[in-house]
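Report on the structure given below.
In this text the structure is predicted, and so the values were computed from the model without any measurement.
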Amino acid sequence: YTDEILMKRINSEIENGRAENIYDAYYKCYIDILKEKEIKISKDNICLGAKTVQFNKGVVEYFEKYQNSKTGIKHYIITSGIKDFVEETEIRKFLDGVYGVTFKYQEDSSVDVEFLLTDEKKVDIIKKIQNENNVTNDIIYFGDGLTDKFAFDYVHSIGGKTIFIASNEKSIVNYKKLNTNKIIDECFDSDFSTYSKIGKYIEAQIKK
């Protein structure tokens, strides 16, 4: 399926009232396509490839540097992607929590979306993490797309730091769209190495 064909299917779900929003439509289409391809819908199949995910430059190095740090830094992933998939990747061992879309697997091998993590719900998750850790504005939020708008807006409003990760020209366009209200503090390329711009920025924030 090309992006164009997939978007037509997603838009059709919304236009015909079969989906409440783009996320609901996306996962309805995702499940339908698996059925059409006669792929068994199971956690194992959904997580295929998770162990071989190639992360951006310096990501693993970054986590290794700050894991169990005396600074008390914690890391969470909040994604509209599939939680089970993230849980199976190399970086899971470095994370204090993963929040994402979850499925309810049925005995008849069918599946329903159990929890849909929309843009707005990302803010709810951030607030939950704040409460659990007794944190107010000591937060740095990384995002890389339009789906991070609400989270950027919220973190910026409470005095946290917001960073947009731009990996290509399209993401630069999205960054400019999002930042018309100046809700993003920094925009960096996707290099997390120690001496990269991100690496130096994070180090500076920790020392404050």
Would a hydrophobic clustering, with Ile, Leu, Val, Met, Phe, Trp and Tyr connected at side-chain separations under 4.5 Å, put L6 with Y30?
yes
Please tell me if the side chains of I31 and K35 come closer than 4.5 Å, counting only heavy atoms from C-beta onward.
yes
Full working for side-chain contact (heavy atoms from CB on, under 4.5 Å) between I139 and I129:
CA-CA 10 Å; I139 298 171; I129 292 169; over 6 Å; no
Determine whether I183 and T162 make a side-chain contact, defined as any pair of heavy atoms from C-beta on separated by less than 4.5 Å.
no
When F142 is tested against each of F192, F188, Y201 for ring pair (Phe, Tyr, Trp, His ring centres under 6.0 Å), which residue passes?
F192
pair S80-K122: side-chain heavy atoms closer than 4.5 Å:
yes
Check: Y105 and I46 side chains under 4.5 Å, non-hydrogen atoms
yes
N168 and S171: side-chain donor and acceptor closer than 3.5 Å?
yes
Side-chain heavy-atom pair I91, I77 within 4.5 angstrom cut-off
yes
Give the intermediate values and the outcome of salt bridge (Lys or Arg N to Asp or Glu O under 4.0 Å) for residues K28 and D24.
CA-CA 6 Å; K28 277 183 167 61; D24 187 26; 2.8 Å; yes
Within a 6.0 Å radius of atom CG on N134, are there more than 12 heavy atoms belonging to other residues, nucleotides or ligands?
no
Take N133 and D96 through the side-chain contact (heavy atoms from CB on, under 4.5 Å) test and state the conclusion after the steps.
CA-CA 11 Å; N133 292 281; D96 293 278; over 6 Å; no
Treating Ile, Leu, Val, Met, Phe, Trp and Tyr as nodes and any side-chain heavy-atom pair under 4.5 angstrom as an edge, say whether I158 and V123 lie in one connected cluster.
yes
Quick one, N179 and F152 - any side-chain contact, counting heavy atoms below 4.5 Å?
no
Counting only heavy atoms from other residues, nucleotides and ligands, does the tally under 6.0 Å from CG of D138 exceed 12?
no
I172 with F164, same ILVMFWY side-chain cluster at under 4.5 Å:
no
For the residue pair Y66 and I206, establish whether any side-chain heavy-atom pair is separated by less than 4.5 Å.
yes
Please test F63 against L95 for side-chain contact (heavy atoms from CB on, under 4.5 Å), starting from the C-alpha separation and ending with a verdict.
CA-CA 8 Å; F63 281 124; L95 303 173; 3.9 Å; yes
L178 side chain near L146 side chain, heavy-atom distance below 4.5 Å
yes
Counting only heavy atoms not in K121 (residues, nucleotides, ligands), do more than 12 fall under 6.0 Å from its NZ?
yes
Would a single hydrophobic cluster contain both M7 and V173, if residues Ile, Leu, Val, Met, Phe, Trp and Tyr are joined by side-chain heavy-atom contacts under 4.5 Å?
no
Taking the six-membered ring for Trp, is the centroid-to-centroid distance between Y154 and F150 below 6.0 Å?
no
What about L48 and F103, same hydrophobic cluster or not, with Ile/Leu/Val/Met/Phe/Trp/Tyr joined at side-chain heavy-atom distances under 4.5 Å?
no
Considering residues, nucleotides and ligands other than I22, do more than 12 of their heavy atoms fall under 6.0 Å from its CD1?
no
Show the numbers, then the answer: is there a side-chain contact (heavy atoms from CB on, under 4.5 Å) between E203 and K207?
CA-CA 6 Å; E203 190 68 26; K207 291 179 178 178; 3.5 Å; yes
Taking the side chain from D189 and the backbone from D191, do they hold a donor-acceptor pair closer than 3.5 Å?
yes
Would you please test K128 and E132 for salt bridge (Lys or Arg N to Asp or Glu O under 4.0 Å) and show each step?
CA-CA 6 Å; K128 178 177 183 291; E132 289 175 349; 2.6 Å; yes
Between E61 and K65, is there a side-chain N and carboxylate O pair less than 4.0 Å apart?
no
So with a 6.0 Å cut-off around OH of Y99, is the heavy-atom count from everything else above 12?
yes
